[in-house]
Amino acid sequence: MADETTATAATAPSAGRERERYSPQEIEPKWQARWQESGLYRTDLALSDGKPKFYNLMEFPYPSAEGLHVGHTFTFGGADTNGRFQRMRGNTVFEPMGFDAFGIHSENYALKQNINPMQLTARTTRRYRYEQLGRIGAMFDWDHTVDTSQPGYYKWTQWIFLQLFKAGLAIRKEAPVNWCPSCLTVLANEQVIDGHCERCGTAVVQRELTQWFFSITKYADRLLDNLQRLDWPDESKTRQANWIGRSEGAELVFAVAEAGDNAERGTRSAELISPEGADAGTTADANSPFRVPRSALSAIPVFTTRPDTVFGATYVVLAPEHKLVPQITTAERRAEVEAYVEGARAATEIERTDAGREKTGAFTGAYAINPATGARVPIWVADYVLVQYGTGAIMAVPGHDERDYAFARKFDLPIVEVVASEAGIAEVAYTGPGPLKNSGRFDGLSSDAAKGAITAWLAERGTGEPRVTYRLRDWLISRQRYWGPPIPIIHCPEHGSVPVPEADLPVLLPEVENFRPTGTSKSPLASVESFVKTTCPVCGGPAERETDVSDVFLDSAWYFLRYSSTEWDDRPFDQGRIRDWLPVDMYFGGKEHVIMHHLYARFITMVLHDLGHLPFEEPFKKLRLHGFVTKDGAKMSKSRGNVVNPDDYIGRVGSDAFRAYLLFMGPFDQDNDFSDKNLVGVTRFLDRVWRLAVDPAPTPGTGVEMRPLHRYVKRVTDELERYQFHTAIAALMEYSNWIGANREVFTAAQRAEAVRTLTLLLAPITPFLAEELWERQGGGYSVHQQAWPTFDPAQIAEETVTLVVQINGKMRDRIEAPAGLDEADARELAGASAKVAPLIDGKTPKKIIYVPGKLLNIVV
RNA sequence: GCGUCAGUGGCGGAAUGGCAGACGCGCAUGCCUUAGGAGCAUGUGUCGCAAGACGUAAGGGUUCGAGUCCCUUCUGGCGCACCA
């Protein structure tokens, strides 16, 4: 038996001296150095010992002004606990860490400090890596790290862009961007607070710029369908599904009425349709497969999920940006419509999309033909119709759509009831299902059945077809900024957008004097002549480089692939490594990334799979979300002044105690409010553990029933498997209390086994303390390479059980009974109970429920 | 408005449909050292002297049995913003 006799002279308490106390300030730096020097966390990526691999991933941070945040300590602590647990269970665990160093946060910090982000990032990552991340005691493999702002990394980010470009998935189109007229710069959505610039408070306006997009919408269905087979939290799957927002319906065509159709309206004349309208016979959405009848002067395709209500479509509404607006507007209406469109353009997206706002709009003077009824219906422009969604135009059915109802009421447009309901439509729109009316041959048909029937009928006549639309929009990749990977495209006057040859990658981000926004709605790179001026890879003629950089989310959409292969410069990731190590086994992520980061990583993986670069299409087998650490119920932020600095606490109580405390606060997947009030509970616990392991053993006793040990091992194991770190720690506390209570009763061997098991069970949660105690017990280096304790299932079973006796479902007595008693035994025991007997005396039980070994419920 | 997660002692929180409140904080009493914000023991949901009754945001339902499942409502966090 390994007793404290094996401890070194230095650690043995000498007579008369105070006993040695737990001092994290001494043991933590000691083991941090030892771990590094022995390469304990260097992963054998070749898997040469044949153990199963486990890729334990957590979201990498962006280096910022404040340094490491308690939130990081919390999430990395939990994720690392899982990594260490998996390692002790016999896996080769790969747990890398890196830096999401490009992007707006780092750039903003650099602007504030007035230091070029290139130098600043180098400085902050060094601090992060060596000072802060090192101290939290995670088993990061620093031999495989990434920094997304390094040319060796972003070379491959650019390579990925080129793969998408070649596959036709990177396209250029016009899109509105947020523009701050005071800062003279493009703003990200997150820099726009309530329609105003985050920095100067100026109202933000929309500007149209030609930008690069990734066609993520082409993958919408697969991104949606694959969700079913992912081991991800329902919360995140549901939110992604809602974000993708698949909706099934129909695209119906409303032809713009010919001049002749308006004969009875004296106010109209032939000039109502501008001459260029004649060759504008395309749909608003260039991607639409739908063909517009040539016979129509012009036609408006609309998307609807309610084709069954088309007989009630009494007007058509175009989004203000809809391309047909200028073409169809009549001369006498032009001024009003132009003013309305102008006003809508000036308004911010936030203002325009305030759902509670009163409806506004303008009549174009033009009319369209309802394809079902053949009736002439007026065409309006209104900003409640969004140009990006569907076809940018709707058929308005005021009887059965709330928004259309409000609009029709305000502008006095006709409302027709086409779905019968009890409530009718006198007061509000009826949006539910029901039998059709006022719908010609479809009267009486249920709205559900009518959806298909009417779409089919219109399809036969060439004015409609089934259509699926998504809420998801294409991924805007362009950023008019400095701090990101230049988009590897060259614009040639002859050959258009030409990809930079892969051999010429990376397109280096030049180190510039002025990395500030330029005020020209272009990236600062546009003013670097040596960067911009180049030659066309196709013809060799003079050409210009693309000056936008790519979105920071592209950097993080593939970093988990790169970790596996950082030793290769000539490939983004090595196929052997990919085969051995991916997909990621476990990904710990934040709720704030459920939509963007997680979706983009899935998309890029799927595309790389389709292009033959990856053998799988989903990057993360298992995902678990962690909550935020809040302070006084609010998110921590510098402006609130409620940021908790982990360094202060680590200095005071040690990394182990701080990490264990954060995990003990509450469930890992929920938000937890930080308050150091409870910290003392955890430090006391670790002190107690220390004393149990290090203090001289009391005189051995006569021995104790060791069954509880097996139950504690099982409990801790079960809780860690569920990522319930707080209840795992609670079980460890109970276990150490049990050891303490039996100190004098254990035999020497029992005591050693109990302490040894405690040390092993603590290793994933308090790695420094466990390592120190392990050494003092004479265990070999390192505790983190030991096998996880097992338990004997036979020892888990209780010999006696507490039988709960209920009368009518109410608990009346508890009786100690031998395990394995049957119903007859239980009834007999219950009948003999002084508490139960009077309650059933003389009554005949109506029903008896017996849960073996647990509970007897007598219904009288 | 839509979606989503949650609501349990003084506090953080625990509880495969089967003993509500594990574990910890705080508090109380005692012990021990008294240099301590150290340690040990016991107690601690509410009402009640007690037996007991009542208790998981509110109301209803399913069930022998509901904190847990279903419906309605309220409150809070987060996400999205008129998605046709």
Side-chain angles (χ1 to χ4, degrees), chain A residues 21 233-236 238-239 241-243 245-247 249 302-306 309 313 317 319 349-350 352-357 359 382-386 388-397 400-404 406-407 431 469-473 591-592 594-595 625 627-628 630 633-635 661 664-667 669-685 687-688 691 715 718-719 724 726-735 737 740-741 802-814 845-851 854-860:
Chain A
R21 297 186 61 170
D234 288 339
E235 177 190 354
S236 96
T238 310
R239 279 180 48 197
N242 291 342
W243 183 262
R246 182 187 154 98
S247 62
V302 301
F303 174 71
T304 178
T305 54
R306 293 296 302 274
T309 63
V317 187
E349 187 168 4
I350 312 289
R352 280 185 53 180
T353 54
D354 177 3
R357 209 167 49 115
K359 297 276 179 287
D383 65 4
Y384 80 94
V385 174
L386 311 176
Q388 330 79 321
Y389 187 74
T391 61
I394 63 158
M395 65 175 203
V397 185
H400 306 283
D401 181 280
E402 284 161 17
R403 297 152 304 183
D404 298 343
F407 191 84
T431 56
T469 295
Y470 303 91
R471 212 194 74 114
L472 181 71
R473 300 178 198 171
K591 292 184 208 295
E592 72 275 29
V594 161
I595 302 300
L625 300 176
F628 295 110
T630 59
K635 255 189 194 170
Y661 165 64
F664 188 61
M665 286 194 301
D669 60 353
Q670 282 173 33
D671 295 351
N672 289 292
D673 199 56
F674 182 89
S675 142
D676 53 14
K677 209 173 68 183
N678 294 316
L679 181 57
V680 64
V682 173
T683 59
R684 273 181 204 159
F685 164 59
D687 272 331
R688 198 156 55 235
R691 289 195 306 272
R715 262 180 67 189
D718 289 349
E719 302 296 11
Q724 294 276 7
H726 65 312
T727 49
I729 293 169
L732 284 163
M733 286 172 166
E734 285 184 61
Y735 177 41
N737 290 343
T802 306
L803 179 73
V804 173
V805 184
Q806 297 182 332
I807 306 297
N808 296 335
K810 266 192 170 312
M811 203 276 291
R812 292 298 175 180
D813 199 9
R814 300 162 197 191
K846 260 197 262 180
K847 189 170 180 181
I848 294 185
I849 289 97
Y850 179 61
V851 182
K854 267 189 173 170
L855 174 142
L856 185 77
N857 186 13
I858 302 167
V859 185
V860 294

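This one's a predicted model, so the numbers in the text were calculated from it and none came from an experiment.
Using a 4.0 Å heavy-atom criterion, one finds that A/Asn857 contacts the bases of the nucleic acid, with or without backbone contacts as well. Using a 4.0 Å heavy-atom distance criterion, A/Asn737 is classed as a sugar-phosphate-only contact. At a threshold of 4.0 angstrom between heavy atoms, the contacts of A/Phe664 include nucleobase atoms, whether or not backbone atoms are also involved. Among the heavy atoms of the strands lying under 4.0 Å from A/Gln806 is at least one base atom, whether or not backbone atoms are also near. Within 4.0 Å (heavy atoms only), A/Thr469 reaches no atom of the nucleic acid at all. Heavy atoms of A/Val682 sit nowhere under 4.0 angstrom from any nucleic acid atom. Residue contacts for A/Val859: at a heavy-atom cut-off of 4.0 Å it reaches the sugar-phosphate backbone alone, with no base atom in range. Residue contacts for A/Arg471: at a heavy-atom cut-off of 4.0 Å it reaches a base atom on one of the strands shown.
With hydrogens and angles left out, the side chain of A/Lys591 and the base of B/rC5 share no donor-acceptor pair within 3.5 Å.
In this model, the phosphate group of B/rG26 is approached by a side-chain N or O of A/Arg684 to a distance below 4.0 Å at OP1 or OP2. Between A/Arg691 and B/rA38 there is no side-chain polar atom (N or O) within less than 4.0 angstrom of OP1 or OP2.
Following rounding to the nearest Å, A/Arg403 (CZ) and B/rC82 (P) show an atom-to-atom distance of 9 Å. Going from atom CD of A/Glu719 over to atom P of B/rC23 covers 14 Å, rounded to whole Å. Nucleotide B/rA14 holds its P atom 13 Å from the CE atom of A/Met665, rounded to whole Å. Atom CG of A/Asn242 is separated from atom P of B/rC5 by 10 Å (rounded to the nearest Å). Straight-line distance from the CZ atom of A/Arg246 to the C1' atom of B/rG3: 19 Å, rounded to whole Å. One atom, CD1 of A/Ile807, and another, C1' of B/rC64, lie 11 Å apart when rounded to the nearest Å. What separates CG of A/Asp687 from C1' of B/rG36 is a distance of 14 Å, to the nearest Å. Put simply, CG on A/Asp383 is 15 Å from C1' on B/rA84, counting in whole angstrom units.
Here, B/rG77 and B/rC27 have their C1' atoms 30 Å apart, quoted to the whole Å. If you take atom C1' in B/rG45 and the same atom in B/rA14, they sit 14 Å apart, rounded to whole Å. A gap of 31 Å separates the C1' atoms of B/rG65 and B/rU4, to the nearest Å. Between the P atoms of B/rG24 and B/rG18, the separation comes to 24 Å (whole Å). Rounded to the nearest Å, the gap between the C1' atom of B/rG61 and that of B/rA51 is 34 Å.
Annotated as anti: B/rG48, whose O4'-C1'-N torsion sits more than 90° from 0.
Of the two residues contacting RNA chain B, namely A/Thr238 and A/Arg688, the nearest-nucleotide position lying further toward the 5' end is that of A/Thr238. Heavy-atom nearest nucleotides on RNA chain B were determined for A/Ser247 and for A/Gly666, and the one closer to the 5' end corresponds to A/Gly666.
Of all heavy-atom pairs between A/Gly392 and A/Val385, the closest is O-CG1, 3.6 Å. The two residues A/Asp404 and A/Met395 make their nearest non-hydrogen contact at OD2-O, 4.0 Å. The two residues A/Ile595 and A/Arg239 make their nearest non-hydrogen contact at CD1-O, 3.5 Å. Scanning all heavy atoms of the two residues, the minimum distance from A/Phe303 to A/Ser247 falls at CZ-O, 3.6 Å. Of all the heavy atoms in A/Tyr661 and A/Phe674, the pair that sits closest is CE2-CE1, 3.8 Å. Closest of all the heavy-atom pairs between A/Leu803 and A/Tyr850 is CD1-CE1, 4.1 Å.
Considering only heavy atoms from C-beta on, A/Arg306 stays 4.5 Å or farther from A/Val397 through its side chain.
When the shell of 6.0 Å around CD of A/Glu592 is examined, it contains more than 12 heavy atoms from other residues, nucleotides or ligands.
Taking the centre and axis of the six-membered ring of A/Tyr384, the NZ or CZ atom of A/Lys359 falls inside the cone set by 45° and 6.0 Å.
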Practice problem: Both distances under 3.5 Å, Watson-Crick or G-U wobble: on that basis, could you give the dot-bracket string for RNA chain B, with [ ] for crossing pairs and | for other-strand partners? | Solution: (((((((..(((.....[....)))((((((.......))))))(((....)))..(((((..]....))))))))))))....
